[in-house]
Amino acid sequence: MTPTENTTTRNTNTTTAAENSHKTVLRSSLGVLTTATATHGTGRDGDIPLPRLPGFVESAFSPLAYEAARQCLAERPDGGTSRPEAGGEAESGGGSRTAVALASTAGDTTTADLASRRMVSGRVHNPLLFMQATPNSVLGYLSREFGITGQMFSLSTLDDPLTELLSMADLLLEDPEVDRVLAVGVELGGSERLAAVYEELADGHGHPAPALPADAGLAAAVLLGRPGNGTPVSIRSAEAYDTDIPVGADAAGATRPPGDIQSLFDLAAAHQRLLQEGGSHLLVTGSRAPAFLLTADTEAKTDARNETETHAHQ
Amino acid sequence: MSGEVTVTGFGVRTAFGMGADALRRGVFAGVPSFAATTRFDTGPYRTAMAGAAPDGPEGVEGWALRYALARCGVEALDMAGLRAGAEAAVLLGVAGDHTSVTRYWRGGGSDGRCGSVVAGRAVPRAPEKQPVRGASTDTERVAHAGTAAGRERVADASPAADTERVTDASPAADTERVTDASPAADTERVTDASPVDTRRVGDAVPARLAELLAGGLGLVGPRLTFTNACVASAAAIIHACRLISSGRIDVAVCGGGYLVEEETFGKFDSGRALSRDGMVRPFSADRTGLLLGDGVAVVVLESAEHARRRGARPLAGVVGWGAASDAHHIAQPHPEGVGLARAARQAMRLAGDPDGDALDYVNAHGTGTKYNDGAETRGLRAAFPKRAESIPVSSTKSTTGHLLEAAGVVEFVITMLALTDGVLPPTAGFTAPDPECDLDYVPNEPRRTDPRRALTVNAAFGGANTALVLERP
């Protein structure tokens, strides 16, 4: 077994954070090729109109996931733009060596609720809702647009999605057939059902529902590879950041919804800052939880710890 | 690298009932499980047929996914000889329990979410007895398929060997076993996982089901939930294999589940994906689509070294795995099956047999749709150009129906039983060859043979494909 550390808060009535003491942390440094974010209807700076995505309707989930992923792949075309020849296998080029993992807590809840409400009101299902009912659909769209023929996974987590995605990338990049992993996180605003779900998941732990309007959404993506070879920023596991912050709280002491993707936004912000300014950045995902150290390449030969700034959950 | 990955336990439930013998009576005998479901009003839909277990008086709530997963989990740990408190990752492939979403909105949303349908209803535990559909329809084939040798192989493999437990076909006995007999069973925890409170809405979150399973089984370790549709539980197994073979963990409990419910049934009906003649006829010229089916399974994967240290006998080895995408369409497979071929070749390379020279059987995805079966055939031909025609290929969805997120893990168990029993499950409902589908599909009758290596493949929305290679110890 590799060394393990505690992770982010547990939000069910069956376990606690302290019990979940066996999360895998990163074995190797990963190169951060690029990052991107997309928000809609959140009230944050930089909110965008919902991008139009043919075949996807009503929900922000797939358009935002696609937009964040698109930005990453467009910026680093070696992340997979070799569109396969008709009938061919696309076994060459970046696309065949790119894996994709998409994490969210509950998937596309907007679509799920629309479909359910139509059904219980006696209306027939909309076939388009059928098509977009699984997160795989937008991954399929993405893979076609960018010629990605590597592995694709969609995940549900109540823990910190960044930790899960980095762990998965760490594992996938041990496969000699994989050079890049595109990690995407998506979070949607809450319907009343979603609020009820979060209320049940909180189960006395005090974790709130996402503080987003019902039609709002967030997505963040990071394209990861092995360090070196043109990756100006790398990320590795750091010592667990052990403070008196209550379980499930961020550095400011505020509780966060289970599975929220703020840490992916923090990673994106830190990455952008390091590209501009260099140095290092300690990214903390929660109390007694995995922490990650981002280091700009120019600083790689210095003692990163001496230069570290802590910007936990800006 | 810790190297080898072995299977040391499993629990499985389909429309045929709980356990390996139920599969032998149904899947391995080529007896379809399909009947008109009474779980919900099928009036609005083009068909009523599904491979759903007969309902108890309480309806679908009695088959809450969390409960079915817990039952299979207890069976799997029992067979593997693992106890509560064991260190094991829990990796699931599920989409969440859709019935909780439907219940919420049917109950009137926030104003009455416990409302008209389920308010105050005390739902009993799952029915004590489940008649096994088709169990006595063809005793000869059943006897042929469920060989005593195979049963013994599986029974003997468990360090907690209890031959009666494995060979006893009584569903009622299954229920009793799960609730009170297993060394892993924490009665309170399993009871807690029973569907007493149908007002729960949190089970719609897939990750919640993994937490519940891990908590209910008392397992300590990482949890991760895969939601990538019909490859979800296969993806969970592949992830577990990677974690084990890289030395990150020693034991993983992998599972998946889908139980037929109206929400998904309606979606597939709207997509005109359901069979029009009440049968699933994979690779047959007159196939008209798929039918949904109940499927839940949990398997214990373990490093061979760890299994040896604790005296657990391996049921099968997992010697190869692969995953790849089509890059073609959000809902249709690549017509040449390129992603499936690629995943299969990856898996076979890892298994040290890139050309499939030692491959004795392929459990196909075989949905029975026009799109899938031709593409899959071409994909298998591309993966094994030298000998595709000589490898038996069958689709067990012809008897179980499409198990969606659970397809990977249930078909993994079926493939393992094919190896241990020496019987290939047939493709049922096969009536006429299709020029597009020109492989050996083991039509309608089980086939006795001596397979040592088998491949199981799955495909999903978005063009995701997975492949797993199993080997008899």
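All values reported here derive from a predicted model rather than from experimental measurement. Below, read A as the first sequence line, B as the second, and so on, with proteins coming before strands; counting in each chain starts at 1.
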(message) Give me the atom names and distance for the closest heavy-atom approach of A:Arg193 to A:Ala112.
(response) NH2-CB, 4.1 Å
(request) Flag the one option from B:Ala89, B:Gly463, B:Ala324 with the top tally of heavy-atom pairs under 4.5 Å to chain A. (result) B:Ala324
(request) Name the region of A:Tyr198, side chain, backbone, both or neither, that has any atom closer than 4.5 Å to a heavy atom of chain B. (result) neither
(message) Using the side chain to side chain contact (heavy atoms under 4.5 Å, CB included) definition, which of the options B:Leu217, B:Asp203, B:Leu69 pairs with B:Leu212?
(response) B:Asp203
(request) Decide if atom CZ of B:Arg46 counts as having more than 12 heavy atoms of other residues, nucleotides or ligands within a radius under 6.0 Å. (result) yes
(request) Go through B:Val101, B:Thr102, B:Val205 and name the one with the most non-hydrogen pairs under 4.5 angstrom from chain A. (result) B:Val101
(request) Check step by step if salt bridge (charged side-chain N to carboxylate O under 4.0 Å, His left out) holds for A:Glu200 and B:Arg208. (result) CA-CA 11 Å; A:Glu200 187 177 309; B:Arg208 165 80 156 170; 3.6 Å; yes
(message) I want to check something: taking the side chain as every heavy atom from C-beta on, are B:Glu336 and B:Arg378 in contact at a cut-off of under 4.5 Å?
(response) yes
(message) Tell me which of these, A:Arg118, A:Met168, A:Met152, has more heavy-atom pairs under 4.5 Å with chain B than the rest.
(response) A:Met152
(message) Let's test your reading of the structure: which of B:Ala323, B:Gly462, B:Ser325 forms the most heavy-atom pairs below 4.5 Å with chain A?
(response) B:Ser325
(message) Using modelled atom types and a 3.5 Å cut-off, is there a donor and acceptor pairing between side-chain atoms of B:Ser303 and backbone atoms of B:His306?
(response) yes
(message) So which residue, A:Leu155, A:Val197, A:Thr134, ends up with the most heavy-atom pairs under 4.5 Å with chain B?
(response) A:Leu155
(message) Heavy-atom count check: over 12 atoms from other residues, nucleotides or ligands less than 6.0 Å from B:Tyr371 OH?
(response) no
(request) Pick one of side chain, backbone, both or neither for A:Asp175, based on which atoms fall under 4.5 Å of a heavy atom in chain B. (result) side chain
(request) Give the minimum heavy-atom separation between B:Arg223 and A:Glu164, together with the two atoms involved. (result) O-OE2, 3.8 Å
(message) Looking only at heavy atoms and a cut-off of under 4.5 Å, which of B:Arg272, B:His329, B:Glu262, B:Gln346 has the most pairs with chain A?
(response) B:Glu262
(request) For A:Thr105 and B:Pro206, work out which heavy atoms get closest and say how close. (result) O-CD, 3.9 Å
(message) For A:Arg117, give me all partners under salt bridge (Lys or Arg N to Asp or Glu O under 4.0 Å), at least two apart in sequence or on another chain.
(response) none
(message) With a 4.5 angstrom heavy-atom cut-off, is it the side chain or the backbone of A:Leu172 that approaches chain B, or both, or neither?
(response) side chain
(request) Pick one of side chain, backbone, both or neither for B:Phe268, based on which atoms fall under 4.5 Å of a heavy atom in chain A. (result) both
(message) So for A:Gln132, is it side chain, backbone, both, or neither that comes closer than 4.5 Å to the heavy atoms of chain B?
(response) neither
(request) Applying salt bridge (Lys or Arg N to Asp or Glu O under 4.0 Å), name anything that partners A:Arg123, two or more places apart in sequence or on another chain. (result) none
(message) Taking side chain as everything from C-beta outward and backbone as N, CA, C, O, which of these in B:His98 sits under 4.5 Å from a heavy atom of chain A? Side chain, backbone, both or neither.
(response) neither
(request) Output the option from B:Thr225, B:Ile330, B:Asn228, B:Leu92 having the highest count of non-hydrogen pairs under 4.5 Å with chain A. (result) B:Asn228
(message) Need one label for B:Ala204: side chain, backbone, both or neither, based on atoms under 4.5 Å from any heavy atom in chain A.
(response) side chain
(message) Under a 4.5 Å cutoff for heavy-atom pairs, which residue among A:Gly140, A:Gly55, A:Ala99, A:Ser154 has the most contacts with chain B?
(response) A:Ser154
(message) Taking ring pair (Phe, Tyr, Trp, His ring centres under 6.0 Å) as the definition, give me every residue that meets it alongside B:Phe461, ordered by chain and number, with sequence neighbours left out.
(response) A:Phe130
(message) Quiz question: by atom type and distance under 3.5 Å, do the side chains of A:Ser156 and B:Thr227 form a donor-acceptor pair?
(response) no
(message) I need the contact set between residues 182-189 of chain A and chain B: heavy-atom distance under 4.5 Å, sorted by residue number.
(response) none
